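What follows is a short report on a single structure.
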There are 2 protein chains.
Amino acid sequence: MAGFSRFLAVLRVFNEAASAWSVPDMADALGLPASTAYRTVRDLVDAGFLEAAHDGAYRLGPAFIEYDRLLRMTDPLVHAGAGALRDVVMQAHTPCVALLSRLYNDQVMCVADEAARETPFRSSYERGKPMPLTQGATSKAILAQLPTRQLNRLIGTPKAAPDNEVLRRELAEIRRRGYCATASEIDTGLAGIAAPVIVREAGIHASLSLVAEDTNLDESQRRRLVLLVVSAASLISEELRHRHSSTSINPPVPMPRRSVK
Amino acid sequence: MAGFSRFLAVLRVFNEAASAWSVPDMADALGLPASTAYRTVRDLVDAGFLEAAHDGAYRLGPAFIEYDRLLRMTDPLVHAGAGALRDVVMQAHTPCVALLSRLYNDQVMCVADEAARETPFRSSYERGKPMPLTQGATSKAILAQLPTRQLNRLIGTPKAAPDNEVLRRELAEIRRRGYCATASEIDTGLAGIAAPVIVREAGIHASLSLVAEDTNLDESQRRRLVLLVVSAASLISEELRHRHSSTSINPPVPMPRRSVK
DNA sequence: GTCAATATTCTCACTTTATGAGAATGAGAT
DNA sequence: ATCTCATTCTCATAAAGTGAGAATATTGAC
């Protein structure tokens, strides 16, 4: 391990349970010599990825907030979807959470979320949390739309993983219907309704989903929400498609030629 | 330039105006040989900091969303403040935006924001955007509470920067009052009311502020909001102080010893 | 399908750079 | 003052990144 991966290793020791670290503790945890650990941390602090907290403890730094904002403002999916999510929870007329989630490499991650007023629960899907690939309406709606080749790479070919036959059948059904509805698959008591947001040409494989309490939903409610989700999802897809076709690939501005030490 | 700084340089070419880059363009912009640029980008993609978009273009990647969530969940200030912001905009009973902002090195950055329902405007302060150090109620409320030594480092000593005399006097006044109110200093037509959130022992220098339309505020309104902001800010400070005194500095859990290639 | 034009990865000799043990210094606590 | 622990510094060593150019993959045009 060396070079870049050392920085990644240091960042990876931070998690929900251990969010403040002293340098010696990091060095111990990673098996690094003290001098290297100190240097690595100093570089990360200089770059804004870590921040000195107190008593020699370090926390994640402001660069993550800053880059997250930049991503929020420039990522076409997040940008196009955030407004749609607000509309969806408004028009749902019931306590619920709306989510926009994407395939990122081999995991699904929620990239935007919005809760209706007075919603007493929360989905375990939430912005920034990696989620299982094969469970929940949100993920399945995405998988169902993938080209066979890509799907095989993610869940294994039918031959290599025959136990995925059930899942494959389910995905085919979802593709036919155009949406996916599940109940208590991720959070017990909560139902999920998801519709795909797919823009192949822009490399976007995503879904829009609505999470509500299962017991609150009668059949007509459910149908109404399915319609809401499906139409909102296709609205987003349309906008993305349109934006993509009218966007140049290369940076529109000559770009700031920053000097680097 | 080499090693780590090459990664930083690549990340820095991304901004609001240029959010998708091809590798050759990056190489041009940074004066890097193609092979190095491709390698750097590949490493960043592997780490999740960049993502392949389409047609050889790259965007900021999911790692930023993920680490931002982690920070949101573990940073004591953000965690303690988010709830308070919701309360503040509720109790303001007027269209407004509440902000929680921090000193990070030599800039001020908003780390959490919340708008009241039906708020037709937005503050230029928003989560993740670095803001000027010496303008606006938000920043001044923070500066006013800094130890002399630290303040001198940021705005220069009275001798080195005598033109800051006005600012210094203003900050003294803010310290005496315990809050700062400004109008049209950042956004014309908007007024800001800010109170400090200072927890020295935890290394936190922050402020809570409320932004509303200046014309909407009569004197009694203004007094009410000042009270609201000041009390919310001290509530957050108290919680942070309490939490800090009851928190161990080192990671509570032995930590996951991840293997790195 | 072929072909040309790019985009991307690979190779490899060359150094620049990071590395880490240990010494030196700094900061706190008793 | 002294001890302890945290942090930085030094420097010989080795490892990693570097970059020109070749090799290969991809894409789009025809």
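In the text below, chain A, chain B and the rest are named by the order of the sequence lines, each starting its count at 1. Note that the structure is a prediction, hence the values are computed from the model and not measured.
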Whole Å only: how far is the [atom1] atom of [X] from the [atom2] atom of [N]?
X: A:F4; N: C:dT17; atom1: CZ; atom2: P; result: 18 Å
X: B:D25; N: C:dA7; atom1: CG; atom2: P; result: 9 Å
X: B:L8; N: D:dG17; atom1: CG; atom2: C1'; result: 16 Å
X: B:L32; N: D:dG17; atom1: CG; atom2: P; result: 15 Å

**Item:** Partners meeting salt bridge (Lys or Arg N to Asp or Glu O under 4.0 Å) with A:E173 (sequence neighbours left out)
**Value:**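 Salt bridge (Lys or Arg N to Asp or Glu O under 4.0 Å) check on A:E173 returns A:R176, A:R177.
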
Residues which pass side chain to side chain contact (heavy atoms under 4.5 Å, CB included) with [X], listed by chain and number, not counting sequence neighbours:
X: A:A47; value: A:F49, B:F4, B:L8
X: B:R39; value: B:S35, B:T36, B:R42
X: B:V230; value: B:Y179, B:A195, B:V226
X: B:Y104; value: A:E51, A:P62, A:I65, B:D75, B:R102, B:M109, B:V111

**Prompt:** Between A:D68 and A:R127, is there a salt bridge with N-O shorter than 4.0 Å?
**Reply:**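 Salt bridge: yes.
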
Would you please name every residue forming a side chain to side chain donor-acceptor pair (under 3.5 Å) with [X], sequence neighbours left out?
X: B:E165; value: none
X: A:S101; value: none
X: B:S207; value: none
X: B:N152; value: B:R168

**Message:** For a quick check, with a 4.0 angstrom heavy-atom cut-off, what is the B/S/- contact string for nucleotides 25-30 of chain C, read 5' to 3'?
**Reply:** ------

**Request:** At under 4.0 Å between heavy atoms, which parts of nucleotides 5-11 of chain D does protein reach? Answer with one letter per nucleotide, 5' to 3': B base, S sugar-phosphate only, - none.
**Result:** -SBBB--

**Residue-phosphate contact under 4.0 Å: A:T36 side-chain N/O, C:dG20 OP1/OP2** =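 Answer yes for this pair, as a side-chain N or O of A:T36 is under 4.0 Å from OP1 or OP2.
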
**Prompt:** Using a cut-off of less than 4.0 Å, is there contact between a side-chain N or O of A:R6 and OP1 or OP2 of C:dT17?
**Reply:**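 False: A:R6 side-chain N/O out of range (4.0 Å or more) of C:dT17 OP1/OP2.
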
**Prompt:** Which angle, to the nearest 10 degrees, lies between the helix axes at the two ends of the helix from C:dG1-D:dC30 to C:dT30-D:dA1, each defined by five pairs?
**Reply:**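 That helix has its two terminal axes inclined by roughly 60°.
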
**Message:** Could you check whether any side-chain heavy atom of A:L151 comes within less than 4.5 Å of a side-chain heavy atom of A:L143, counting everything from C-beta outward?
**Reply:**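 When only atoms from C-beta onward are counted, A:L143 and A:L151 do touch, with a gap below 4.5 Å.
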
